[in-house]
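Okay, so here's the structure we're looking at.
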Protein chains: 2
Amino acid sequence: MDAERTWSIAELADEFGVTLRTIRFYEEQGLLTPARNGTRRIFADGDRVRLGLVLRGKRLGFPLDEIKKIIGMYDAEPGETGQLRYLLDQIEDRRKELEQRRRDIDAALSELDELERRCRADLNRLTGRA
Amino acid sequence: MDAERTWSIAELADEFGVTLRTIRFYEEQGLLTPARNGTRRIFADGDRVRLGLVLRGKRLGFPLDEIKKIIGMYDAEPGETGQLRYLLDQIEDRRKELEQRRRDIDAALSELDELERRCRADLNRLTGRA
DNA sequence: CCACTACTTGACGTTTACGTTAACGTAAGT
DNA sequence: ACTTACGTTAACGTAAACGTCAAGTAGTGG
């Protein structure tokens, strides 16, 4: 069983919950390189995997051009140590960014709590003696 | 002591760590309404307070037009119960968004951990038997 | 033959919060 | 008078990741 299944653009879009435009955009950016049947895009299994990697990268907060670099590296020489080290560096960068963003969010939540307390105090003052 | 001090645009920009362009933009958007001496902007104490509120709103993740609404409400009838309730609603919305974003970030961090583990395993495999 | 559906390329639009010139005015210091 | 600092308006530019037309092609069912 060779499992040479292929997918249309709509099938992939549907499966991954993205629009056709998104997939075409990713191809335009060099993130995907589907085969063609005439003008139509034919997606093989490798293309599916790549799309999954792109979307996963997005979930992790990587920008598309960074995703492109990383995926490209894996395509070229999967598992070469220099590339693994590069990827580890990128992971470290991303982790720091994410942790900073989480700190920012926590600070904002604290400020929100404080603001809410004051609002409720005002409200009590107004309705309490109405 | 009437403390009628005023500020130039540059002084305020400096104090709050924003650019002149930012302050002019806020005025353009109706977030600030400084007085004029001829064509030059003269900022009074109330303007300073407003700028502080705007930047605080930004730290909390509010978009500028939402900030404008909220500040406008406080200007109109500070402490009216309907407006306090509206503000409390907005706070609730923002809190939910922030908490969702924090969950997303935590999920991303977990995925990053997992990815890093695999990278390190690959790296060990490659360098271990070199 | 016609309609319908899926697909294509191309190109401009969207969003937010400013950045970046260009071209000019005004006031103080020397 | 000249320079320097500081200010002004107007208007176009930017980033990211697509959205949203428009106009055309290709294959399939009736």
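Note that the structure is a prediction, hence the values are computed from the model and not measured.
- Scanning for salt bridge (Lys or Arg N to Asp or Glu O under 4.0 Å) contacts around D113(B) gives R95(A), with sequence neighbours left out.
- Comment: D104(B) does not engage R101(B) in a salt bridge, judged by the lack of any side-chain N to carboxylate O separation of less than 4.0 angstrom.
- Proximity of residues 98-108 of chain A to DNA chain D (heavy atom under 4.0 angstrom from any strand atom) is not detected for any residue.
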Carefully, step by step, assess R48(A) and D45(A) under the rule salt bridge (Lys or Arg N to Asp or Glu O under 4.0 Å).
CA-CA 5 Å; R48(A) 275 184 77 230; D45(A) 202 53; 3.4 Å; yes
How does protein contact run along nucleotides 11-18 of chain D, one letter per nucleotide 5' to 3', with B for base contact, S for sugar-phosphate only, - for none, heavy atoms under 4.0 Å?
B-----BB
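- By the salt bridge (Lys or Arg N to Asp or Glu O under 4.0 Å) test, D47(B) is found to be paired with no residue, residues two or more places apart in sequence or in another chain being considered.
- Atom CH2 in W7(B) sits about 15 Å away from atom P in dG7(D), given to the nearest Å.
- Shortest non-hydrogen contact noted between K58(A) and I67(A) is N-CD1, 3.6 Å.
- Rounded to whole Å, the distance from CD on E27(A) to P on dT9(C) is 7 Å.
- Here the C1' atom of nucleotide dA17(C) and the CD atom of E66(B) are 16 Å apart, to the nearest Å.
- When all heavy atoms of L20(B) and A10(B) are compared, the closest pair comes out as CD2-CA, 3.7 Å.
- Listed by first and then second residue, the salt bridge (Lys or Arg N to Asp or Glu O under 4.0 Å) pairs involving residues 22-35 of chain A are E27(A)-R36(A), E27(A)-R41(A) (not counting sequence neighbours).
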Would you sort out whether E11(B) and R5(B) count as a salt bridge (Lys or Arg N to Asp or Glu O under 4.0 Å), showing the intermediate values?
CA-CA 12 Å; E11(B) 286 170 334; R5(B) 214 207 131 170; 3.6 Å; yes
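- Electrostatic pairing of R94(A) and E99(A) does not count as a salt bridge here, judged by no charged N lying under 4.0 Å from a carboxylate O.
- Atom CD of E28(B) and atom P of dT9(D) are 9 Å apart (whole Å).
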Which atoms of nucleotides 6-8 of chain C (N or O only) lie under 3.5 Å from a protein N or O atom, and what are those distances?
from: dA6(C); atom 1: N3; to: R40(A); atom 2: NH2; distance (Å): 3.1
from: dC7(C); atom 1: OP1; to: S8(A); atom 2: OG; distance (Å): 2.9
from: dT8(C); atom 1: OP1; to: R41(A); atom 2: N; distance (Å): 2.8
from: dT8(C); atom 1: OP1; to: R41(A); atom 2: NH1; distance (Å): 2.9
from: dT8(C); atom 1: OP2; to: R24(A); atom 2: NE; distance (Å): 3.4
from: dT8(C); atom 1: OP2; to: R24(A); atom 2: NH2; distance (Å): 3.2
from: dT8(C); atom 1: OP2; to: R41(A); atom 2: NH1; distance (Å): 3.4
from: dT8(C); atom 1: O5'; to: R41(A); atom 2: NH1; distance (Å): 3.2

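- The main-chain N or O of V18(B) is never found under 3.5 Å from a side-chain atom of T22(B) such that the two would form a donor-acceptor pair.
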